[in-house]
K.L.:
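Sharing a structure with you now.
When a ligand or atom number is given, it counts from 1 through the structure's own listing order.
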Amino acid sequence: MKITILGCGALGQLWLSRLYQQGNDVQGWLRVPQPFCAVNVIEPDGTSFNHNLPTNDPEHLAQSELLLVTLKAWQVSGAVTALLPQLRPSCAILLLHNGMGTQDELPPHNQPILQGTTTHAARHDGNTIIHVANGVTHIGPVTSQATHLSHLAEVLHQALPDVAWHNHIASASWRKLAVNCVINPLTALYGCHNGDLQRYPEQIATLCREVASVMEREGHHTSGDDLMSYVMQVIQLTADNISSMLQDIRAQRHTEIDYITGYLLRRGRSHGVPLPENTRLFELIKRKENEYERVGVGLP
Ligand code: KPL
């Protein structure tokens, strides 16, 4: 299959290497074009992949059947909007990022859009990508044009298992959002590993109750207790992780808070559901972000 991967960070390079090795015709798409993308991945079993893969070929893009987007949430609408006019109408766009709401920021279009979440963990070590842990990727359609595209799950599964197709991906996306609403801001504020959050059960229960109240209004059956046990399970499974938000804060990068807690707050507001604890965490993260972003643009 002809595929373009937009965003060649750790996860993007992992997909590039696996889809290429499975015989797909893949290229990367970089914000700052370079002649090729040097992909160097070390797998959990110690095997490595080292290859220069093509990038930014407009003809390849125009013929692609899948645009796999592995950018940070806040980069998605700008980057995808710029590529929309170059895609064939049937090219599916799969958005794989933390948080929700990016597709609402795209201009009117008819591309089939899919959304996904993944628990594969990959990180940079210099110019090398370490595939830290295998996981599961859940994907599904968010526009009617994408409902018949379940065969994409099979293509992706052959390359980087497991991939599961969901006709109703929103429930899985909301459960992942709940995980990110708890783990990401709390680890960023306490400066701790995911596993250390086991010390804050009451705060986690409050956050989960708030997320559950919005999910119920959105038509997804759940409860505070149900989300709490799911979040606690993820905290244990990823105990040694440094969350992506803590990594962003430490590197003084823009975080995905607007698409994680920010998305929850927007949905809560539209249903008239008060979310005091999530609002408090949102404001604290924005304050942290503003501290270094103001300095970055030379503001006092
Ligand atoms: O998605 C994650 C992240 O760090 O962004 C979790 C699941 C919290 C794992 O660290």
Side-chain angles (χ1 to χ4, degrees), residues 7 9-15 44 69-76 94-102 115-125 129-139 160 162-164 169-201 203-205 207-208 210-211 215 226-264 278 281-282 284-286 288-289:
L11 213 52
Q13 289 196 41
L14 177 60
W15 278 108
V69 183
T70 59
L71 295 168
K72 292 276 189 180
W74 54 270
Q75 298 171 314
V76 168
L94 170 56
L95 304 171
L96 259 193
H97 56 71
N98 275 337
M100 292 171 78
T102 53
Q115 197 176 58
T117 66
T118 188
T119 56
H120 280 276
R123 64 172 170 81
H124 283 276
D125 184 4
I129 305 303
I130 314 283
H131 183 195
V132 182
N134 281 301
V136 184
T137 303
H138 300 272
I139 69 166
L160 185 58
D162 289 337
V163 177
I169 189 67
S171 286
S173 301
W174 267 99
R175 286 175 79 75
K176 179 71 190 325
L177 191 80
V179 164
N180 290 129
C181 281
V182 173
I183 299 181
N184 294 36
L186 288 183
T187 51
L189 293 169
Y190 297 143
C192 66
H193 285 90
N194 293 2
D196 298 327
L197 293 182
Q198 292 178 87
R199 284 188 257 139
Y200 306 96
Q203 195 176 11
I204 294 173
L207 290 166
C208 286
E210 291 186 5
V211 179
M215 278 181 72
D226 169 38
L227 289 184
M228 169 97 177
S229 61
Y230 182 56
V231 170
M232 284 307 204
Q233 213 177 308
V234 178
I235 286 174
Q236 279 160 19
L237 284 172
T238 63
D240 295 333
N241 272 30
I242 303 284
S243 78
S244 57
M245 195 168 287
L246 177 53
Q247 289 180 45
D248 287 340
I249 292 278
R250 282 185 173 163
Q252 305 207 333
R253 286 189 299 252
H254 200 63
T255 73
E256 294 179 297
I257 195 73
D258 289 322
Y259 297 87
I260 298 176
T261 313
Y263 181 78
L264 175 82
N278 279 282
L281 295 189
F282 178 79
L284 287 172
I285 295 292
K286 290 306 268 186
K288 265 188 180 290
E289 223 179 44

K.L.:
Counting N and O atoms only, with roles assigned by atom type, does the side chain of Asn180 sit under 3.5 Å from a partner on the main chain of Leu177, one being a donor and the other an acceptor?
P.N.:
no
K.L.:
Please write down residue, atom name and distance for the protein heavy atom closest to atom 3 (C) of ligand 1.
P.N.:
Ser244 OG, 3.4 Å
K.L.:
Before accepting this row, confirm whether a basic side-chain N of the pair Lys288/Asp248 lies closer than 4.0 Å to the acidic partner's carboxylate O.
P.N.:
no
K.L.:
I need the nearest protein heavy-atom contact for atom 10 (O) of ligand 1: residue, atom name and distance, please.
P.N.:
Asn194 ND2, 3.0 Å
K.L.:
Look only at the side chain of Gln203 and the backbone of Tyr200, and say whether a donor-acceptor pair between them is shorter than 3.5 Å.
P.N.:
no
K.L.:
What are the atoms of ligand 1, with element, lying closer than 4.0 Å to any heavy atom of Lys176?
P.N.:
1 (O)
K.L.:
Name the orientation class of the two ring planes belonging to Trp15 and His120 (parallel below 30°, tilted from 30 to 60°, perpendicular beyond 60°).
P.N.:
perpendicular
K.L.:
Got a donor-acceptor contact below 3.5 angstrom from the Thr261 side chain to the Ile257 backbone?
P.N.:
no
K.L.:
With a cut-off of 4.0 Å, which atoms of ligand 1 are near a heavy atom of Ser243?
P.N.:
4 (O), 10 (O)
K.L.:
Which one of Asn184, Asn241, Ile260, Ile242 has a non-hydrogen atom at the shortest distance from atom 9 (C) of ligand 1?
P.N.:
Asn241
K.L.:
Please state which protein non-hydrogen atom is closest to atom 2 (C) of ligand 1 and give its distance, to 0.1 Å?
P.N.:
Asn180 ND2, 3.5 Å
